[in-house]
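Right, one structure below, let's go through it.
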Amino acid sequence: MSWLEEGWRHVWLPYAQMQTAPLPLPVARTEGSRIFLEDGWVLVDGIASWWTACHGYNHPHIQQAVRAQLERLPHVMFGGLGHEPAYRLATRLAKLMPDPLNRVFFTDSGSVAVEVAVKIAVQARLNRGERGRTKILAFTNGYHGDTLGTMAICDPEEGMHSLFAGLLPEHPVVPLPRDAASVVAFEACLEQHAGTLAAIIVEPLVQGAGGMVLHQPEVLKRLRAAADYYGLTLIFDEIFTGFGRTGTMFAFQQAGVVPDIITLSKALTGGTLPLAATIASDELFAAFLSDSPATALMHGPTFMANALGCAAANASLDLFETEPRLDQAAAISAALAAGLEPCRGLPGVKDVRVLGAIGVVELHAIADPAALRMALVAEGVWIRPFRNILYLTPALTIGAEELAILCGAICKVLKK
Ligand SMILES: *Cc1c(COP(=O)(O)O)cnc(C)c1O
């Protein structure tokens, strides 16, 4: 594999200590829920490539749509020029959302979609002449991206707030209000910062990259009530939870709570191309309307609304309409609950939990994540342990047998 050894001297990997990072597994091709390595070894994929490949890899309907779009129009700038895939996608996304969420801003990554959400929340106030409200209330264990603006609203430890002090803006971060003590702390924080807050941001129902930490829908109701009381914009970051992952098309539906902004990415294109969307309410959009260019939303990534990405996203939405993805998510949920339950009693296991098509085995600690990962690879599965958890977020199209292989491999490796 000369490309790997040669490129290894030049590539910088994500979240990796490059001095000790092992060579990645060279992938030759993908199909469905399988990853085929160059050496012939085949892995059942437990992660769907960071939760993106919701229909499995190489879905023919998405491939066909991207191919056709590539022939016609791969990309044109979005300022002043329009194309059907983006305008159709905006219409379809708005139709999937509850009524006040009607305005779609396209970007090219989840982090940037969150940056835009924050910018909308803050600039809407500036446009209305309300100055000094630039703070975002965020939560511990939260994750909203790796750019500087989003790091500042991640969990303080994960977002390296003290290490990067001086570079990052400072926002109040508190535990989610899920019990008596955290409710008191949350309300005290609101009282203290009420005059400077613009918004509250949360990943609804499950904080993903922060450790797959679940919370009840009531927590989201509480956030909505607080946002209403203090006049704050409520942002639901559904980049992980969107598109069936929690069992409903979007997580907010399980709480019966409508936020003012929703961010989407990850599974938006079915795992084929980078694309993200920030969907804002009519009221927020109206705050940008005036006779002056000064109140316009000042944002515009070069590759925003890329036509290939939008074609893939439209094809992905077709599949949600024509194939029983939510039924599949329910079946996965039951299989994960049954398949991971045997782990519960094992030494070192702290918790086993399932929500929708997310299965989590939380350990007290993982001493050597790389060794654990390789033990799982030897069992023929691709699962990436992080922090102190092993989790499964498979494609919603995964077969029952493949799911059994994933759960069995986790149980087997943890027994050793
Ligand atoms: C992954 C993720 C992001 C960041 O998306 P990128 O495309 O990696 O920038 C933001 N929010 C949540 C909830 C995510 O899971």
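Atoms within each ligand, like the ligands themselves, are counted from 1 in listed order. Keep in mind that this is a model prediction, so the values were computed, not measured.
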query = Of all the non-hydrogen atoms in the protein, which one sits nearest to atom 3 (C) of ligand 1, and at what distance?
reply = Y143 CE2, 3.7 Å

inquiry  = Considering both backbone and side-chain atoms of E203, is one of its nitrogen or oxygen atoms within less than 3.5 Å of a nitrogen or oxygen in ligand 1?
reply    = no

request  = Check whether the side chains of R67 and Q64 place a donor and an acceptor atom closer than 3.5 Å, and report yes or no.
outcome  = no

ask   = Of R245, Q207, E238, K266, which has the heavy atom at the shortest distance from atom 15 (O) of ligand 1?
value = K266

inquiry  = Any donor-acceptor pair under 3.5 Å linking the side-chain atoms of Y391 with those of E362?
reply    = no

query = Do we see a donor-acceptor contact under 3.5 Å between the side chains of D237 and T263?
reply = yes

task = Output yes when the distance from some N or O of ligand 1 to some N or O of S111 is under 3.5 Å, and no in every other case.
result = yes

Side-chain ion pair, D368 and R373, N-O less than 4.0 Å = no

query = Near H144, which atoms of ligand 1 are under 4.0 Å from a heavy atom of that residue?
reply = 10 (C), 11 (N)

key: Under 3.5 Å: N/O of G110 near N/O of ligand 1   = yes

task = Decide whether the shortest distance between a heavy atom of W51 and an atom of ligand 1 is less than 4.0 Å.
result = yes

task = List for me each residue that meets ring pair (Phe, Tyr, Trp, His ring centres under 6.0 Å) alongside F303, sequence neighbours excluded, and say none if there are none.
result = H75

inquiry  = I'd like to check which ligand 1 atoms, numbered from 1 as shown, lie under 4.0 Å from a non-hydrogen atom of D237.
reply    = 10 (C), 11 (N), 12 (C), 13 (C)

message = Between E84 and R72 (salt bridge meaning N to carboxylate O under 4.0 Å), is one present in this structure?
response = no

